[in-house]
Amino acid sequence: SDLDNKEASQAYNADPSNHFGKLAFEQVVLDFKCDVILSIKDVWMDRFMVESPLRPYYKYIYMPTVDGVPQDPEWLSTYKDADALLTYTDWGKKVLEEYGLNVFGTAAASVEPCFQPLPKDQIKKNFGFGESKILGFVSRNQARKQFPNLLHAFRDFLRKAGRKDVFLYLHTSNHDMGWDLAELIKESGVSSKIILTYICRKCGFPFPSLYSDENIKCKKCGSNAAVASNVQNGVPSEILAQIYNCMDLYVQWASSEGSGFGAVEAAACGVPVIETDYSAMSDISRKLNSEQIEPIALYKEITTKRLMAVPDQNVLTEKLIEFFNLPTDIQRLMGCQAREGFQANYSSWGKAAKVWENCIDSVGYGSWDSPPRVLPIAQPQQYFGQMSHSEFTKFCITHVLGQPEKLNTYFHLKAIRDLNYGFTTSLPGTFMDECSQLFAKPQRQNFGKQEFYNLCANLANIRNRWENIRCNTKR
C-alpha cells in the first residue's frame, strides 16, 4: 500500500548508511548465516558491518581505501574491529602497519584483457586525431582530482613549447561531485585543445570530440543529444581501451589516491605515465617504471583531516615539454617500459585471488550456533547525576549495553568527549560515523547522560531482538 511504501521510504532515509545496505544487512546475513563478510568500500560506507549486533557470529575481512595520512581515529577503530585486513597497495599496507595494525597482505587488482597495446596510429585516425599528440587523464570528476592544476600546466606547456599539435584528452564528466569543468576549461583559455568523450543519449554511440559543453551533435545519428560520459553513463571497456591507446602520455594528477587505477590501465595499453608522488600514486608509479613529480606541499583537508598533495604544475609543464620533444620511437619505448611494469606487477588476477583465498582461509568460520546473548539492561539510577562522565560511560557500556569489550575503545572515548562537549555531530543512527558528513549534512544534537543511556539501551534492545531471532532460526 501507499502507507507501507511511505513507511519503508522513511525508514530507508532515516539513516545515510542505508544507502550502502545497512537496512537489510542483518536479515541477509542471518538468512545465509555467512561465515565471512568481505568489504572493499570506503570506511564510512561499511561501518555498520562491524557494529552489527550479529558481528560476533561472522568473520569480517576489510580492504579499506588508504589514500592519505594521517588516518582518522574512527577509521582506525573500524580497522581494529576486522578479523583481517588487506590493502590495495604496498603503500597503504605500510601506512596501516605504522599504526600497529596487522595487515594480511596486498591484493592489487588487475585489468580486463582488452586493456592491451593496440595500433595507436590507426586508432588516432579512426578518432579523427590524425598525427596529433595526445596527453590523457581518465578520472571521475572529484575534488581531489586536480583538473585546475592540470589545465594550467597544459596551457603553460602549449605557450612555452609553441606546440599546436598536442591535445589534452579528459575522459571525465562535465558535472559530477567535483569541479565545474566547463568553467575551468573556459578559464584555461585552451578550450580548443581539450577533448572529452561524449555519449549520445538517443542512440548510445560513444565518441571523442573537441570540448563543446553538453548536447552536441552525435557523430552517428546526428541528434543534438550527446553529453559527456559519466559514472552513470560510461563507455564499454573495449572503447575505453581504445581511448587509452590513442594517448601518447598519461598523467594521474590528483591530491591523493587509494589506487588511481587509470595509471595501471594506461600502462597496460603501453602508455607511459606521470603521477603525483604521494599516496598510492607513489607506489603504483614506481611499479609501472613511470615518472613521479614531487608535490609542492601537503595541506590538511578539512573534512577527513588527511594530508593532501598540491601537485607541482610548473614541473609538470617542463616534463611535458621534455616528453613531447622526444622522438616518437623513444616515446613508444617508454610506453613499452610501462607495459613491462604492468606485466610484472598487475597482470594477474590469479595473484590477487590467491591473497584473498589465503586470507579467507586464515580467519576460520562463523559461530552461528553460539548460546544466546540476551542480556538484562540496567535501569536508570538516581545516582547517575553524581557520576563523572568516565564512570557513567563505563557503567552504561558494561551494564546497559552489555559489551565491556567496548571499554577504552573509540566508542567509549567518543562518548566521554561528546558528554564533555554537551553535543554530538553525528547523524541519527550514526553515533560512530562522524564521516557521514561526507555525504549528508550533520546537525549538532544535545548529548547528555540521558542521551547516552538511551543510545546504549537502544543498541542493547536491538541486539537482544536479533539474538532472539537468531536463536529461533534453524540453520
Side-chain angles (χ1 to χ4, degrees), residues 117-139 141 145-174 179 181-199 206-214 216-217 219 226-229 235 239-253 262-263 265-267 269-275 291 311 313 316-328 330-332 334-335 338:
L118 302 172
K120 189 179 298 291
D121 295 334
Q122 184 60 50
I123 290 176
K124 285 187 178 185
K125 182 179 179 181
N126 295 344
F127 282 168
F129 298 161
E131 296 182 359
S132 299
K133 294 289 186 177
I134 307 294
L135 169 68
F137 183 30
V138 175
S139 169
N141 185 349
K145 312 294 185 175
Q146 286 296 317
F147 289 104
N149 190 299
L150 175 58
L151 283 163
H152 291 163
F154 181 67
R155 175 201 61 198
D156 293 345
F157 156 72
L158 293 178
R159 292 175 178 175
K160 290 185 176 182
R163 299 289 292 263
K164 297 182 179 180
D165 62 332
V166 182
F167 292 81
L168 174 59
Y169 196 140
L170 298 175
H171 181 74
T172 189
S173 55
N174 261 338
W179 303 97
L181 195 64
E183 179 184 43
L184 295 179
I185 291 175
K186 181 180 179 181
E187 288 177 351
S188 72
V190 292
S191 59
S192 63
K193 295 294 183 181
I194 307 299
I195 299 168
L196 266 65
T197 305
Y198 291 87
I199 301 175
F207 60 94
S209 178
L210 290 173
Y211 169 76
S212 186
D213 204 10
E214 299 286 10
I216 72 171
K217 186 176 181 179
K219 291 185 177 180
V227 297
S229 63
V235 301
I239 299 298
L240 184 57
Q242 292 182 43
I243 290 171
Y244 279 116
N245 271 278
C246 82
M247 299 173 185
D248 296 281
L249 176 65
Y250 180 86
V251 58
Q252 191 72 32
W253 210 237
E265 292 173 335
C269 293
V271 181
V273 174
I274 293 177
E275 300 199 56
E291 190 155 8
Q313 68 183 57
L316 177 59
T317 295
E318 297 305 316
K319 293 295 182 182
L320 295 180
I321 294 173
E322 179 183 318
F323 178 85
F324 286 108
N325 279 337
L326 293 172
T328 298
I330 300 299
Q331 295 176 7
R332 303 275 171 96
M334 294 170 67

Indicate yes or no: at least one non-hydrogen side-chain atom of Tyr250 is less than 4.5 angstrom from one of Ile274. no
Do Ser209 and Lys217 have side-chain atoms, one donor and one acceptor, less than 3.5 Å apart? no
Would you sort out whether Tyr244 and Gln242 count as a side chain to side chain donor-acceptor pair (under 3.5 Å), showing the intermediate values? CA-CA 5 Å; Tyr244 279 116; Gln242 292 182 43; over 6 Å; no
Shortest non-hydrogen contact between Ser132 and Phe167, atoms and distance: OG-CE1, 3.5 Å
Which atoms form the tightest heavy-atom contact between Phe324 and Phe157, and what is the distance?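 Smallest heavy-atom distance, with atoms named: CD1-CZ, 3.8 Å.
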Do the ring centers of Phe207 and Phe127 come within less than 6.0 Å of each other? no
Residue from Ile134, Leu168, Leu170 passing side-chain contact (heavy atoms from CB on, under 4.5 Å) with Ile195: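 Testing Ile195 for a side-chain contact (heavy atoms from CB on, under 4.5 Å) against Ile134, Leu168, Leu170 leaves exactly one candidate, Ile134.
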Looking at Asp165 and Lys193, is there a salt bridge between them, counting it only when a charged N and a carboxylate O are closer than 4.0 Å?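 Result for this pair is no, no salt bridge flagged.
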Carboxylate-amine/guanidinium proximity below 4.0 Å for Glu291 and Lys319: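 Lys319 and Glu291: salt-bridged.
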Excluding sequence neighbours, so at least two apart, what forms side-chain contact (heavy atoms from CB on, under 4.5 Å) with Glu318?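 By the side-chain contact (heavy atoms from CB on, under 4.5 Å) rule, Glu318 matches Lys160, Ile321.
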How many angstroms lie between atom CG of Asn126 and atom CG of Leu118, to the nearest 0.5 angstrom? 11.0 Å
Take Thr197 and Tyr169 through the test side chain to side chain donor-acceptor pair (under 3.5 Å) and record every step on the way to the result. CA-CA 8 Å; Thr197 305; Tyr169 196 140; 2.6 Å; yes
